[in-house]
Amino acid sequence: MAATPLPRTASLDGLPAWARELSEKYYSRTLTMFVLHGNVRDLVAFRQEESTEFCSLNRFLRAGLFGQRDLVVSYDRGGGISFADPHMQEDFRRALTGYDQFHGTTFGTALPAIRTAS
């Protein structure tokens, strides 16, 4: 069964307190990278106008919190790097190839497993 899409932007009122703080720090440009740890496989309560949906943390971050961003990347030690959609993965690989060519590096060949999020 396919999951119902989350709205592409989240109201701060519908976010859990930790996500509201993360959002405020990100959009104020105080911080641009976050490491979430702990029970990252738990479901997140996402409150909308008339309902609450429980979804995976990855889905919540990709669609609900950072859905308007150009690049949303997740890393799981067991599964490698994943991207919210194939276009993000293509853009990342293209940028990394350009970086390698310009700087004479080989970062693009030394990446862990890369997959598109399901």
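Remember, it's a predicted structure, so these values are computed and weren't measured experimentally.
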**OP:** Can you label the angle between the Phe66 ring and the Tyr27 ring as parallel, tilted or perpendicular, going by 30° and 60°?
**Re:** tilted
Subject >> Main-chain N/O of His87 paired to Asp85 side chain as donor or acceptor, under 3.5 Å >> reply: yes
Original post:
Counting only N and O atoms by type, is there a donor-acceptor contact under 3.5 Å from the side chain of Ser23 to the main-chain atoms of Ala19?
Top reply: no
Original post:
Quick check: are there more than 12 heavy atoms from other residues, nucleotides or ligands sitting under 6.0 Å from CG of Asn39?
Top reply: no
Subject >> Shortest non-hydrogen contact between Asp100 and Gly108, atoms and distance >> reply: OD2-N, 2.8 Å
Original post:
Applying the 4.5 Å side-chain criterion to the ILVMFWY set and letting contacts propagate, would Phe46 and Phe54 be lumped into a single cluster?
Top reply: no
Subject >> Reported CG-to-CD distance for the pair Leu31 and Glu24, which is rounded to 0.5 angstrom >> reply: 12.0 Å
Subject >> Pairwise side-chain contact, Arg62 with Ser82, heavy-atom cut-off 4.5 Å (strictly under) >> reply: yes
**OP:** Step by step, work out the ring pair (Phe, Tyr, Trp, His ring centres under 6.0 Å) result for Phe83 and Phe92.
**Re:** CA-CA 9 Å; Phe83 295 85; Phe92 178 79; 5.2 Å; yes
Original post:
Is it true that Lys25 and Glu21 make a salt bridge, defined as a side-chain N closer than 4.0 Å to a carboxylate O?
Top reply: yes
Subject >> Spacing of Leu61 atom CG and Phe34 atom CZ [to the nearest 0.5 Å] >> reply: 10.0 Å
Original post:
Between atom CG of Leu96 and atom OG1 of Thr105, what is the distance when rounded to the nearest 0.5 Å?
Top reply: 7.0 Å
Subject >> From Phe60 atom CZ to Leu15 atom CG, the distance as rounded to the nearest 0.5 Å >> reply: 5.0 Å
Original post:
For Leu57 and Val40, which heavy atoms make the closest approach, and how far apart are they?
Top reply: CB-O, 3.7 Å
Original post:
Does the side chain of Ser56 come under 3.5 Å of the side chain of Arg41 through a donor N or O and an acceptor N or O?
Top reply: no
Original post:
Could you state the interatomic distance from CD (Gln89) to CZ (Arg94), rounded to the nearest 0.5 Å?
Top reply: 11.5 Å
